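Here the structure is laid out as structure tokens; the discussion comes afterwards.
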Amino acid sequence: MDDYRRIADALAAEIATGRLRPGDRLPPQRQFARRHGIAGSTAARVYGELVRRGLAVGEVGRGTFVRAAAPSSEPALAEPARARVDLELNFSLPPEQPALLARSLGGMLRPDVLADALTPMGAAGTRAVREGAAAMLSRPGWSPDPGRLLLAGNGRQAIAAALAALVPAGERVGVEELTYPLVKGIAARLGLTLVPLAMDECGVLPEAIRSAGPLRAVYLQPTLHNPLGVTMPERRRSEVAAALRDLGIHAVEDGIYAFLRDGPPPLAAFAPDQVIVADSLSKRVAPGLTVGFAVAPEAVGDRVASALRSGGWTAPRFAVEAATRWLTDGTVAALQEIKRRDAAARQRLVREHLAEFAVEADPQAFHCWWRLPAPWRADTFVAAAARRGIAVTPGAAFTVVAAHAPNAVRLALSAPPPDTLARALATLAALARSAPEDTEIE
């Protein structure tokens with residue numbers, strides 16, 4: 001009765017010691033049964049037990065594989081684990097972060113302070129948060145004026161307010177040909193038409209902006225572009241700025257990942273009257289308690305503030321008060337340094353496990369872009385990875401025109417613990433070395 005459990009225990013031990021590695025395919029059940037002198041039905045129960053424990057995953061037509069995700073901590077009789085290795089979303093929560101954040105918030109628990117923190121707040125926030133945010137956003141060659149800084153609930157809302165202020169419904173917005181997926185949703189809700197702009201290894205091409213036809217604005221990610229990881233060099237920024245001035249249009253500059261690099265200066269430094277900088281605390285701190293920022297030129301500042309108010313996108317005061325403490329007591333600065341080191345360490349894991357593949361990444365980024373080897377297609381690779389407990393994002397999620405989807409996936413690296421990330425990367429590498437049609441009927 002318990003023979004299959006003893007055999008499953010032995011295989012579990014091999015997985016724990018590394019003799020069986022994530023992504024390894026177990027023998028076909030008939031072969032396994034002959035090797036161990038057991039019935040085929042017993043072999044099926046062994047494999048079923050490994051799947052139930054979260055140690056293996058079965059793929060119809062291909063076999064049973066050692067899973068990348070850590071074994072479930074649930075008791076043996078619990079329902080199967082639904083946990084997965086999340087390489088879709090970038091949210092870095094290092095172990096030391098909760099203690100750092102909590103240390104700053106004790107004073108907010110006083111009833112008088114809390115009462116004030118629960119009242120409404122306008123788009124301008126407070127002088128303290130504006131000055132703290134301006135200092136945080138400053139980079140070599142650029143320091144924003146705190147008086148031009150507006151607050152949103154998060155970075156997406158800052159982007160939405162900027163686009164709403166700049167572009168009437170029905171008009172056209174230029175975006176990089178691979179762009180932040182949520183911008184597509186923002187544009188749809190605002191009634192805007194997105195126009196893909198060609199890129200090269202330095203970012204968006206200035207001539208693509210000039211030749212795109214009438215645009216009311218552009219949305220760009222000049223630093224650590226998502227998904228490509230490209231950082232636009234200063235010369236290209238100057239050329240893009242010249243195109244904006246010549247065409248008389250504004251840009252919304254998404255600087256969400258810029259804190260991971262020392263430079264170059266933002267696009268706003270090259271065209272201060274043409275660029276709205278959008279940023280937030282979601283990557284520096286956490287998405288669960290964040291504040292967004294929009295640094296707008298004087299000519300459009302009132303329109304952005306109005307869009308924030310009418311869209312219901314202003315920041316809640318409680319989050320602003322928490323952010324003010326973190327900005328002014330050094331907590332955000334400390335977290336930035338921790339996350340910069342963490343991003344570099346995770347990129348080293350990418351280079352270790354995916355060195356043989358066509359992977360594009362900045363060594364300081366929290367994501368990488370993987371052009372898949374033939375004969376894999378992005379959709380089948382994403383599905384196969386999911387069956388191994390790993391979630392990745394297909395290239396189609398970043399395209400403006402669906403027909404132009406590249407055969408690639410983006411890996412977001414920041415969420416899993418480093419050992420889990422390493423196992424997941426090893427599993428994905430093993431998967432990419434196989435072929436989708438490499439099936440073995442059991």
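Only a predicted model underlies this, so the values are computations on that prediction, with no experimental measurement involved.
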Quick check: closest heavy atoms across [X] and [Y], and the distance to 0.1 Å?
X      : Y      : answer
Val285 : Leu93  : O-CD2, 4.2 Å
Ala296 : Val300 : CB-CG2, 4.3 Å
Gly203 : Arg236 : O-NH1, 3.3 Å
Val277 : Ala268 : CG2-CB, 3.5 Å
Trp369 : Gly395 : CH2-CA, 3.5 Å
Asn90  : Lys283 : O-NZ, 2.7 Å

Using 0.5 Å steps for rounding, measure from the [atom1] atom of [X] to the [atom2] atom of [Y].
X      : Y      : atom1 : atom2 : result
Asp116 : Met121 : CG    : CE    : 7.5 Å
Leu151 : Ser280 : CG    : OG    : 11.0 Å
Leu425 : Cys368 : CG    : SG    : 7.5 Å
Arg341 : Gln336 : CZ    : CD    : 12.0 Å
Leu413 : Arg346 : CG    : CZ    : 7.5 Å
Ile338 : Asp342 : CD1   : CG    : 9.5 Å

Any heavy-atom pair between the side chains of [Y] and [X] that's under 4.5 Å?
X      : Y      : answer
Arg67  : Pro22  : no
Asp254 : Gln221 : yes
Phe293 : Leu149 : yes
Asp24  : Leu26  : no
Arg377 : Leu372 : no
Pro416 : Leu87  : yes
Val66  : Leu55  : no
Val275 : Leu244 : yes

Backbone N or O of [Y] within a donor-acceptor pair of the [X] side chain at under 3.5 Å?
X      : Y      : value
Arg25  : Gly63  : no
Arg261 : Thr223 : no
Thr328 : Thr324 : yes
Thr64  : Val57  : no
Asn407 : Trp376 : yes
Lys339 : Leu260 : no
Arg172 : Ala212 : yes
Gln274 : Ile249 : yes
Arg84  : Ile390 : no
Arg19  : Ile15  : no

* Listed once per pair and sorted, the ring pair (Phe, Tyr, Trp, His ring centres under 6.0 Å) pairs that draw on residues 308-353, sequence neighbours left out -> none
* Structure fact -> Here the ring pair (Phe, Tyr, Trp, His ring centres under 6.0 Å) pairs for residues 229-287, sequence neighbours left out, are Tyr257-His367
* Are more than 12 heavy atoms from other residues, nucleotides or ligands located less than 6.0 Å from atom CZ of Arg317? -> yes
* To do: Inspect the surroundings of CD in Glu96 and state if more than 12 heavy atoms from other residues, nucleotides or ligands are less than 6.0 Å away.
  => yes
Is [X] salt-bridged to [Y], cutoff N-O under 4.0 Å?
X      : Y      : result
Asp273 : Arg245 : no
Arg235 : Glu239 : yes
Arg433 : Glu356 : yes

* **Working for side-chain contact (heavy atoms from CB on, under 4.5 Å), residues Val400 and Val175** => CA-CA 8 Å; Val400 178; Val175 297; 3.5 Å; yes
Pair up each side-chain donor or acceptor in residues 177-199 with any protein partner under 3.5 Å, not counting sequence neighbours, and list the distances.
from	atom 1	to	atom 2	distance (Å)
Glu177	OE2	Met199	N	3.2
Lys184	NZ	Ala397	O	2.8
Lys184	NZ	Thr399	O	2.8

* Asked: What do the steps show when you test Asp302 against Val304 for side-chain contact (heavy atoms from CB on, under 4.5 Å), and what is the final call?
  -> CA-CA 5 Å; Asp302 288 344; Val304 176; over 6 Å; no
Return all side-chain donor-acceptor pairs below 3.5 angstrom for residues 131-145, not counting sequence neighbours, or 'none' if the list is empty.
from	atom 1	to	atom 2	distance (Å)
Glu131	OE2	Arg127	NE	2.9
Ser138	OG	Ala134	O	2.8
Asp145	OD1	Gly147	N	2.9

* When you look at Leu428 and Phe381, which way does the side-chain contact (heavy atoms from CB on, under 4.5 Å) test go after all the steps? -> CA-CA 9 Å; Leu428 294 176; Phe381 188 85; 4.1 Å; yes
* **Partner set under salt bridge (Lys or Arg N to Asp or Glu O under 4.0 Å) for Arg21, not counting sequence neighbours** => none
* To do: Given side-chain contact (heavy atoms from CB on, under 4.5 Å), test Leu220 with Leu267 step by step and report yes or no.
  => CA-CA 9 Å; Leu220 302 173; Leu267 182 61; 4.0 Å; yes
* Asked: With no hydrogens and no angle check, do the side chains of Ser104 and Asp329 hold a donor and an acceptor under 3.5 Å apart?
  -> yes
For residues 108-115, which side-chain N or O atoms pair as donor and acceptor with protein atoms under 3.5 Å away, sequence neighbours left out?
from	atom 1	to	atom 2	distance (Å)
Arg110	NE	Asp112	OD1	3.3
Arg110	NH2	Asp112	OD1	3.4
Arg110	NH2	Asp112	OD2	2.6

